[in-house]
J.: 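First the structure, which I've put down as structure tokens, then a few questions once you've had a look.
We use all heavy atoms of the structure for the numbers below, so side chains are in, but hydrogens, waters and symmetry mates are not. Atoms within each ligand, like the ligands themselves, are counted from 1 in listed order.
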Amino acid sequence: MARVITVGAAQLGPVEKSESRTSVVTRMVRLMETAKRKRCDLLVFPELALTTFFPRWYMTDQAEIDQWFEAEMPNCDTEPLFDMARQSNMAFHLGYAELCTESDQTHHYNSAILVNKHGEIAAKYRKIHLPGHDEFDPNREFQHLEKRYFEVGNLGFPVWRFLGGIFGMCICNDRRWPETYRVMGLQGVEMVILGYNTPTTNSQSNEAPHVRAFHNLLSMQAGAYQNSTWVVGVAKAGNEDGHELMGGSAIIAPSGELVAQCLTLDDELAIADCDLDATIFGKQTIFDFGRHRRIEHYGIITQQNGVTLPPN
Ligand code: ING
């Protein structure tokens, strides 16, 4: 019996500083309407979908920083997305900047949620691998201040039973770390969903843009293949106030093969029928962790962070 889910990668084009949440949500609802016509079961929006990629800007005033965050979810700006989910019988993924209060402390996370077909939040993830830096860096062509504006996610990499399968989430830079997929792979994940806002160029080197596009797919295709899971990676793309973000949103099969990809840097839908049962063969043969993985023979990991070099 196949467990086919029709997935829409809902890439967003640029969101500039001046664009309102209402305007962005209107664009997102339009993509949901198209996805409904194409019978999508799940629609995946990018990381920080509701605003411009504000970590590129150096800010010191907390009120100015907090304007980019959502204090509630859903809220009056995003409620139309939840309404569309209910009306369209369609689940969706949303990345956004989360402002929350936990035990009387205010926290700022780069977060993502899974919303079910009833418009209810079924899962939440908070970004763990925060790239960039926390103070203004004059040596960079542009800033990447995620370490300044977000705390490290405190929810780990859980998986959830969702839409008849096992789903997990990560966000952007998380996709570059093999641990991200393996931690979820060890929990039987069948589809990893992620959004990204990735600058087309490297602020610290003259890396060619095609290399960045290569690394984007390499990371996601490897994660998919090595854990026999679907991976859906969706960009916010295009030129935001003079800063280029790459596109390349993709739906990747458990074999690691590229099944669908967005071709533009605008609002665009790439759709694929994803059979969750396609994950079974890899999990029961080459990546049957129980039969083949021998972590007890890998040698002792002397430290969790940094590199342990061999003696000279
Ligand atoms: N963006 C980038 C990403 O990981 C980056 C930052 C790009 C880091 C390329 C290293 C190399 O895709 C976010 N938002 O994490």
J.: To which residues is I121 joined in a hydrophobic cluster, defined by side-chain heavy-atom contacts under 4.5 Å among Ile, Leu, Val, Met, Phe, Trp and Tyr, whether direct or through other members?
T.: L12, V15, V24, V25, M28, V29, L31, M32, L43, F45, L50, M73, L81, F82, M84, M90, F92, L94, Y96, I113, V115, L269, I271

J.: Between ligand 1 and the protein, give all atom pairs where both partners are nitrogen or oxygen and the distance is under 3.5 Å, as lines of names plus distance to 0.1 Å.
T.:
from	atom 1	to	atom 2	distance (Å)
ligand 1	1 (N)	N197	O	3.1
ligand 1	4 (O)	N173	ND2	2.8
ligand 1	4 (O)	R176	NE	2.9
ligand 1	12 (O)	R175	NH1	3.0
ligand 1	12 (O)	R175	NH2	3.4
ligand 1	12 (O)	R176	NE	3.4
ligand 1	12 (O)	R176	NH2	2.9
ligand 1	12 (O)	T198	OG1	2.7
ligand 1	14 (N)	E47	OE1	3.4
ligand 1	14 (N)	K127	NZ	3.4
ligand 1	14 (N)	E146	OE2	2.8
ligand 1	14 (N)	N197	O	3.2
ligand 1	15 (O)	K127	NZ	3.0
ligand 1	15 (O)	E146	OE2	3.4
ligand 1	15 (O)	N173	N	3.3

J.: Do F150 and P55 touch side chain to side chain, with heavy atoms closer than 4.5 Å?
T.: yes

J.: Can you name the residues that form a salt bridge (charged side-chain N to carboxylate O under 4.0 Å, His left out) with E240, not counting sequence neighbours?
T.: R56, K236

J.: What residues, two or more places apart in sequence or in another chain, satisfy salt bridge (charged side-chain N to carboxylate O under 4.0 Å, His left out) together with R293?
T.: none

J.: Just by distance, do the side chain of D288 and the backbone of T285 share a donor-acceptor pair under 3.5 Å?
T.: no

J.: Decide side-chain contact (heavy atoms from CB on, under 4.5 Å) for D241 and W57; before the verdict, give the C-alpha distance in whole Å, the side-chain angles of both, and the deciding distance to 0.1 Å.
T.: CA-CA 11 Å; D241 299 292; W57 306 112; 3.9 Å; yes

